[in-house]
Amino acid sequence: DAGVTQSPTHLIKTRGQQVTLRCSPKSGHDTVSWYQQALGQGPQFIFQYYEEEERQRGNFPDRFSGHQFPNYSSELNVNALLLGDSALYLCASSLGLAGPDTQYFGPGTRLTVL
Amino acid sequence: GENVEQHPSTLSVQEGDSAVIKCTYSDSASNYFPWYKQELGKRPQLIIDIRSNVGEKKDQRIAVTLNKTAKHFSLHITETQPEDSAVYFCAALRGKELTGGGNKLTFGTGTQLKVEL
């Protein structure tokens with residue numbers, strides 16, 4: 001049973017650049033949520049995708065955008081990177097409307113912005 | 001929106017002792033409360049969860065209690081072992097049956113648990 005996977009593991013970018021992070025949900029799951037975890041902090045909700053649509057969004061600027069594909073995998077895009085975007089980006093998968101609220105996390109992508 | 005407060009921020013116990021971590025939440029409509037363990041450089045791992053229609057849940061050495069009236073929930077670890085050392089996060093969520101769709105987790109700020117030999 002495949003768990004949640006993310007790529008790449010680490011990424012180094014410079015200010016102003018754009019980045020794309022990828023996530024494949026746990027087998028059987030159809031919903032992907034993205035979280036940002038700054039060093040020493042709890043994860044902060046960015047947005048959630050279900051049926052290829054953004055279903056809910058946290059307090060993040062429009063520079064953060066996403067996409068979900070028909071196979072339920074998802075991408076997180078961040079434009080015009082700022083130093084403050086340096087963080088661990090986690091995706092979590094869960095079941096859709098009929099499933100439990102349990103969310104399972106991937107290993108994360110560590111983004112460093114220089 | 002939901003706000004979750006967690007304390008203590010650090011907790012040091014002797015091996016074999018018990019550890020208790022406490023959280024409070026602000027949204028009375030929250031109805032699902034998971035706890036995650038995160039080891040250094042690793043993903044948050046779900047260790048136990050509780051729904052608002054239950055007051056207590058146990059799984060071997062781990063238990064969670066929920067007081068809906070006071071909007072408090074706590075994690076209890078008994079007979080602590082060195083491998084319990086990690087950061088623990090509580091979280092709260094308003095379930096899909098209430099939102100009609102999205103179900104975001106709101107996390108506490110974490111507790112660094114250190115189990116000393």
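To find a chain, count down the sequence lines: A is the first, B the second, and so on, and within it residues start at 1. Below, all heavy atoms of this structure are taken into account, side chains as well, without hydrogens, waters or symmetry copies.
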Nearest non-hydrogen partners of B/N103 and A/Q103, listed with the distance: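 Of all heavy-atom pairs spanning B/N103 and A/Q103, the closest is O-NE2, 2.8 Å.
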Interface residues of [range] facing chain B - non-hydrogen atoms under 4.5 Å apart:
range: residues 59-76 of chain A; value: none
range: residues 32-50 of chain A; value: A/Y35, A/Q37, A/G40, A/Q41, A/G42, A/P43, A/F45, A/Q48
range: residues 106-114 of chain A; value: A/G106, A/P107

Is [Y] reachable from [X] through a run of I, L, V, M, F, W or Y residues, each pair having side-chain heavy atoms under 4.5 Å apart?
X: B/F33; Y: B/I47; value: yes
X: B/I21; Y: B/Y32; value: no
X: B/V13; Y: B/L75; value: yes
X: B/V20; Y: B/I77; value: no
X: B/Y36; Y: B/L93; value: yes

Worked verdict on A/L88 versus B/Q38 for side-chain contact (heavy atoms from CB on, under 4.5 Å): CA-CA 13 Å; A/L88 179 68; B/Q38 188 174 29; 4.1 Å; yes
A/D101/B/R51 ion pair, N-O < 4.0 Å: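 Judged by the 4.0 Å cut-off on N to carboxylate O distance, A/D101 and B/R51 do form a salt bridge.
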Chain A contact via B/P34 - which portion, at a heavy-atom distance below 4.5 Å: neither
Proximity breakdown for B/L105 and chain A, heavy-atom pairs closer than 4.5 Å: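 Answer is both: backbone and side chain atoms of B/L105 are under 4.5 Å from chain A.
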Is it the case that more than 12 heavy atoms not belonging to [X] sit under 6.0 Å from its [atom1] atom?
X: B/Q14; atom1: CD; result: yes
X: B/E79; atom1: CD; result: no
X: B/Q60; atom1: CD; result: no
X: B/K22; atom1: NZ; result: no

Atom pair OG1 (A/T102) and CG (B/D49), whose distance is rounded to the nearest 0.5 Å: 5.0 Å
Residues that A/T31 engages under side-chain hydrogen bond (donor to acceptor under 3.5 Å, both in side chains), provided they are two or more places apart: none
